[in-house]
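Here the structure is laid out as structure tokens; the discussion comes afterwards.
Numbers for residues simply follow the sequence, beginning at 1. Model, not experiment: these values are computed from the prediction. Whatever order the structure lists them in is the order used to number ligands and atoms, beginning at 1.
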Amino acid sequence: MKTFFNVQDLGNLQQALREAHEIKKDRFAFDTLGKNRTLLMIFFNNSLRTRLSTQKAAMNLGMNVIVLDVNAGAWKLETERGVIMDGDKSEHLLEAIPVMGSYCDLIGVRSFAGLTDRSYDYAETIVQQFVRYSGRPVFAMETATVHPLQAFADLITIEEHKTVARPKVVLTWAPHPKALPQAVPNSFAEWMNAADVDFVITHPEGYELDPQFVGKACVEYDQMKALEGADFVYAKNWSCPGVTRPEDYGKVLSKDMGWTIDAAHMAVTNNAHFMHCLPVRRGMIVTDDVIEAPTSLVIPEAANREISAQVVIKRMLESL
Ligand code: AN0
Ligand code: CP
């Protein structure tokens with residue numbers, strides 16, 4: 001595997017899930033595969049889970065790991081071509097990328113959305129430059145529009161906890177004080193469409209996700225109706241994707257606290273498991289009692305980030 005951005009990059013999804021299951025049974029079974037190989041993790045934004053779980057996965061495979069926080073100690077990077085660099089940016093990404101590639105065998109990139117220019121974000125301009133100029137396999141650690149390591153971990157978690165062959169999974173928008181990217185809901189939707197689940201998306205009007213990710217999902221604007229009989233409730237905030245009104249791209253259109261997942265919302269479900277990728281704001285996205293309930297899966301899904309990362313890194317090592 002040379003890139004990991006979308007569910008298709010894994011090939012057969014059932015096979016990938018079996019591989020994840022095997023790795024979870026013995027995560028040190030391939031601890032020499034990465035000997036003398038180096039993973040470079042590049043962060044343009046903050047992270048707790050991705051940073052720790054991806055490093056741990058690489059260490060399980062015997063790799064060396066270098067982490068670069070671009071905003072903490074590196075030169076400020078210019079990302080646009082054709083500009084006169086007379087401002088505060090000392091180095092261009094087009095030199096920095098091949099230099100970084102020369103020190104490693106695999107690259108993980110966290111790049112986040114700017115949330116001002118929809119076409120720039122959805123073209124994945126920054127990570128595509130890594131793919132093109134690094135000469136190394138590149139995987140997403142959350143990019144402008146996708147977070148596949150999270151969605152893969154979420155699917156592993158659903159597989160582990162489902163009690164019916166085809167569970168009902170509901171992705172629900174929930175309020176947040178700041179504008180957040182669509183990467184998590186985009187990838188979650190993409191992966192649920194590829195999985196054997198009954199998938200429903202609910203959000204206020206104006207928050208329609210890009211059709212390429214919505215796929216064949218049922219979109220229901222009445223949140224309570226959407227949640228009825230759900231086996232898994234996956235809450236997440238996202239800013240306006242700009243699908244219906246491009247001028248609203250990246251904006252916070254609603255802070256309606258009626259969408260916060262509380263006991264009354266969970267009461268209409270089939271004793272659903274609560275899920276969220278974390279970090280989560282209590283009182284905004286979800287109430288304390290729901291996230292602390294025994295049915296909450298927020299900790300197991302975060303733990304499965306180590307497993308999803310290990311499948312991806314293992315496959316990339318095998319393709320070197
Ligand atoms: C980020 C987001 O919504 O994309 C990271 C989630 C994994 N969340 C925040 O910035 C709070
Ligand atoms: N879920 C997730 O990716 O968390 P971090 O932003 O802390 O890495």
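- Counting heavy atoms closer than 4.0 Å to ligand 2, residue L278 contributes backbone atoms (N, CA, C, O) but none from C-beta onward.
- By the 4.0 Å N-to-carboxylate-O rule, K251 lies close enough to D248 to be salt-bridged with it.
- Using a 4.0 Å cut-off between charged nitrogen and carboxylate oxygen, R282 and E292 count as a salt-bridge pair.
- For S90 (side chain) and W75 (main-chain N/O), no donor-acceptor pair under 3.5 Å exists by modelled atom type.
- Taking the ring centre of F43 as origin, the terminal cationic atom of R51 falls inside the region bounded by 6.0 Å and 45° from the ring axis.
- Judged by the shortest distance from any of its heavy atoms, E142 lies outside the 4.0 Å radius around the atoms of ligand 2.
- For ligand 1, the 4.0 Å heavy-atom shell contains residues F112, E142, H147, L180, P181, K236, C277, L278, P279.
- Ring planes of Y234 and F188: parallel class, angle under 30° (limits at 30 and 60°).
- Assignment of H147 to the shell around ligand 2 is supported, since a heavy atom sits closer than 4.0 Å.
- At a threshold of 4.0 Å, the pair K314-E318 counts as salt-bridged, since one of the basic side-chain nitrogens sits closer than that to a carboxylate oxygen.
- For atom 7 (O) of ligand 2, the closest non-hydrogen atom on the protein side is L48 N, 2.6 Å.
- What sits closest to atom 6 (O) of ligand 2 on the protein, heavy atoms only, is R110 NH1, 2.8 Å.
- Take N304 and apply the side chain to side chain donor-acceptor pair (under 3.5 Å) test, not counting sequence neighbours, and it matches K24, T157, E160.
- With respect to atom 4 (O) of ligand 2, the closest heavy atom belonging to the protein is R49 NE, 2.8 Å.
- Contact annotation: the side chain of M275 never approaches that of S296 to less than 4.5 Å [non-hydrogen atoms, C-beta and beyond].
- Of the polar atoms of S47, at least one N or O is found under 3.5 Å from an N or O of ligand 2, judged by distance alone.
- For atom 2 (C) of ligand 2, the closest non-hydrogen atom of the protein is R305 NH1, 3.4 Å.
- Salt bridge R118/D210: present, at least one basic N to carboxylate O contact under 4.0 Å.
- For ligand 2, one of its N or O atoms has an N or O atom of C277 under 3.5 Å away.
- With S187 as the partner, the side chain to side chain contact (heavy atoms under 4.5 Å, CB included) test is satisfied by one option alone out of T143, T145, V7, V146: V146.
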